[in-house]
Amino acid sequence: MKSLPKWVRIKEVGPRDGLQNEKQWVSTEDKVNWINLLSESGVREIEFSSFVHPKWVPSLKDALEVGKRINRNPDVHYSALVPNQKGLELALEAGVDGISVFMSVSETHNKLNINKTIDKTFPVLKDVIQDAKSAGKHVACYVSTVFECPYEGKITPAQVIPICDKLFEYGVDDISLGDTIGTAVPLQVKALLEEVLVRYPKDKMIMHFHDTRGMAIANILTSLEYGITRLDSSVGGLGGCPYAKGAAGNVATNDVLYLLHGMGIYTGIDEAKIQEASLYIQEKLGKSLPSKSLAYLQAMA
Ligand code: HMG
Ligand code: MG
């Protein structure tokens with residue numbers, strides 16, 4: 001086994017990627033209480049909501065109010081998903097520390113997700129990235145479907161690289177590589193990271209695994225072996241992409257912490273607090289979340 005990093009920084013995306021796919025409405029007050037619990041867990045970044053069109057993602061239509069009402073822990077970076085200038089305006093009004101823009105490698109998924117071709121998406125993102133940077137905000141970009149698209153099939157590293165090149169040229173601080181539908185296996189992760197990490201510094205690359213087939217933990221281990229130190233995950237494994245047929249939630253923060261802490265890798269996050277936040281949102285949604293660590297600890301309680 002290659003050497004593993006000593007620490008990993010996790011971005012908690014449950015309040016955005018997790019809730020965006022839920023039919024069950026979670027009240028603004030409950031969202032705020034939940035994010036406040038997460039803010040006390042030791043996690044250093046929380047994606048608290050999404051400033052997309054409320055018709056497209058109704059479960060996050062209260063993003064502005066959530067952003068204004070959450071308690072700000074000075075040790076936490078609060079970011080939100082932004083598709084365009086309108087989203088940026090609202091995100092700035094909500095007082096974000098940073099934003100994440102997003103696009104897909106696959107033309108079909110991009111069109112379904114943001115109603116534009118890839119060519120028409122670039123100038124929109126370029127302006128948003130540059131305006132957000134001028135406003136002093138950190139800017140990340142999710143690049144979705146980096147391994148496979150539910151409509152176009154397999155995606156190669158050669159398709160991913162030119163998109164990342166352009167985004168870095170526009171000034172994004174870092175890029176999150178999205179296994180949007182959770183199909184990747186470790187050899188695909190290896191193939192992509194071998195191309196990506198000769199071009200960009202590893203501390204600018206984040207891995208974003210959905211856990212549709214239970215491969216996310218194996219893929220994370222491979223990523224760690226390549227020196228990746230930044231991961232996205234969601235409390236309890238909540239989530240999915242509304243415009244990617246069959247996509248399950250993100251890898252569960254609970255399970256990632258079990259893996260990392262079990263291998264002596266520091267995160268600064270208190271697993272008990274993540275358990276508490278998982279139970280809280282589970283109760284509000286009225287359903288069990290998929291995390292195995294969550295289920296185990298619940299059974300033992
Ligand atoms: P559109 O209909 O093409 O937008 O949607 P438009 O620019 O033509 O504007 C139409 C109307 O929408 C206008 O209002 C705009 O003001 C309004 P009107 O003049 O008709 O009254 N509008 C907005 N309102 C509120 N907030 C906004 C906004 N923008 C325009 N931001 C749009 C384009 C991008 C807005 C739409 O397609 C959209 O909201 N898409 C979001 C889809 C989404 O959230 N998908 C899930 C997130 S991505 C994901 O989960 C993957 C990820 O996790 C990584 C991975 O897993 O790989 C990130
Ligand atoms: Mg996602």
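In listed order, ligands and their atoms are each counted from 1.
- Ligand 1 has an N or O atom lying under 3.5 Å from an N or O atom of His53, backbone or side chain.
- By the 3.5 Å distance cut-off applied to N or O atoms, Lys86 is not counted among the residues near ligand 1.
- Among the backbone and side-chain atoms of Asp17, an N, O or S atom lies under 2.8 Å from the Mg ion (ligand 2).
- Close contacts of ligand 1 with Val57, meaning ligand atoms under 4.0 Å from a residue heavy atom, involve 43 (C), 44 (O).
- Residues Glu107 and Lys116 are not paired through a salt bridge, judged by the lack of any N-O separation under 4.0 Å between the basic side chain and the carboxylate.
- The proximity of Ser144 to ligand 1, defined as any non-hydrogen pair under 4.0 Å, involves the side chain as well as the backbone.
- A tilted orientation is assigned to the rings of His210 and His208, their planes being inclined by 30° to 60°.
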Q: Could you walk me through whether Glu47 and Tyr142 pass side-chain hydrogen bond (donor to acceptor under 3.5 Å, both in side chains), step by step?
A: CA-CA 12 Å; Glu47 192 168 61; Tyr142 290 102; 2.8 Å; yes

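- Salt bridge annotation for Glu45-Arg9: present, with a cationic side-chain nitrogen under 4.0 angstrom from a carboxylate oxygen.
- Close approach to Gly87 involves these atoms of ligand 1, each under 4.0 Å from a residue heavy atom: 31 (N).
- Comparing heavy-atom distances from atom 42 (C) of ligand 1 across Asp17, Val13, Asn113, Val52 singles out Asn113 as nearest.
- At a 3.5 angstrom cut-off on N or O pairs, Asn84 counts as close to ligand 1.
- Connectivity analysis of hydrophobic side chains (ILVMFWY, heavy atoms under 4.5 Å, direct or indirect) links Met215 to Val185.
- When non-hydrogen atoms are compared, ligand 1 lies under 4.0 Å from the side chain of Leu81 (C-beta onward) but not from its backbone.
- If you number the atoms of ligand 1 from 1 as listed, the ones under 4.0 Å from a heavy atom of Phe102 come out as 48 (S).
- In terms of the salt bridge (charged side-chain N to carboxylate O under 4.0 Å, His left out) criterion, residue partners of Lys68 (sequence neighbours excluded) are, by chain and number, Glu93.
- In summary, Asp97 and Lys137 do not engage in a salt bridge, as defined by a charged side-chain N under 4.0 Å from a carboxylate O.
- The cationic atom of Lys202 (NZ for Lys, CZ for Arg) does not lie both less than 6.0 Å from the six-membered ring centre of Tyr200 and within 45° of the ring axis.
- A salt bridge links Asp62 with Lys31: the closest approach of a Lys/Arg side-chain nitrogen to an acidic carboxylate oxygen falls below 4.0 angstrom.
- Heavy-atom contacts of His210 reach the following atoms of ligand 1: 56 (O) (cutoff under 4.0 Å).
- Remark: among candidates Asn21, Val124, Asn115, the nearest residue to atom 3 (O) of ligand 1 is Asn115, based on non-hydrogen atoms.
- For Gln20, a nitrogen or oxygen atom sits less than 3.5 Å from a nitrogen or oxygen atom of ligand 1, counting backbone and side chain alike.
- The NE2 atom of His208, the Mg ion (ligand 2) and the NE2 atom of His210 define an angle of 90° (nearest 10 degrees).
- Assignment of Arg16 to the shell around ligand 1 is supported, since a heavy atom sits closer than 4.0 Å.
- For the 3.5 Å distance criterion, the side chains of Gln85 and Asp131 qualify, holding a donor opposite an acceptor.
- Considering backbone and side-chain atoms together, His208 places an N or O closer than 3.5 Å to an N or O of ligand 1.
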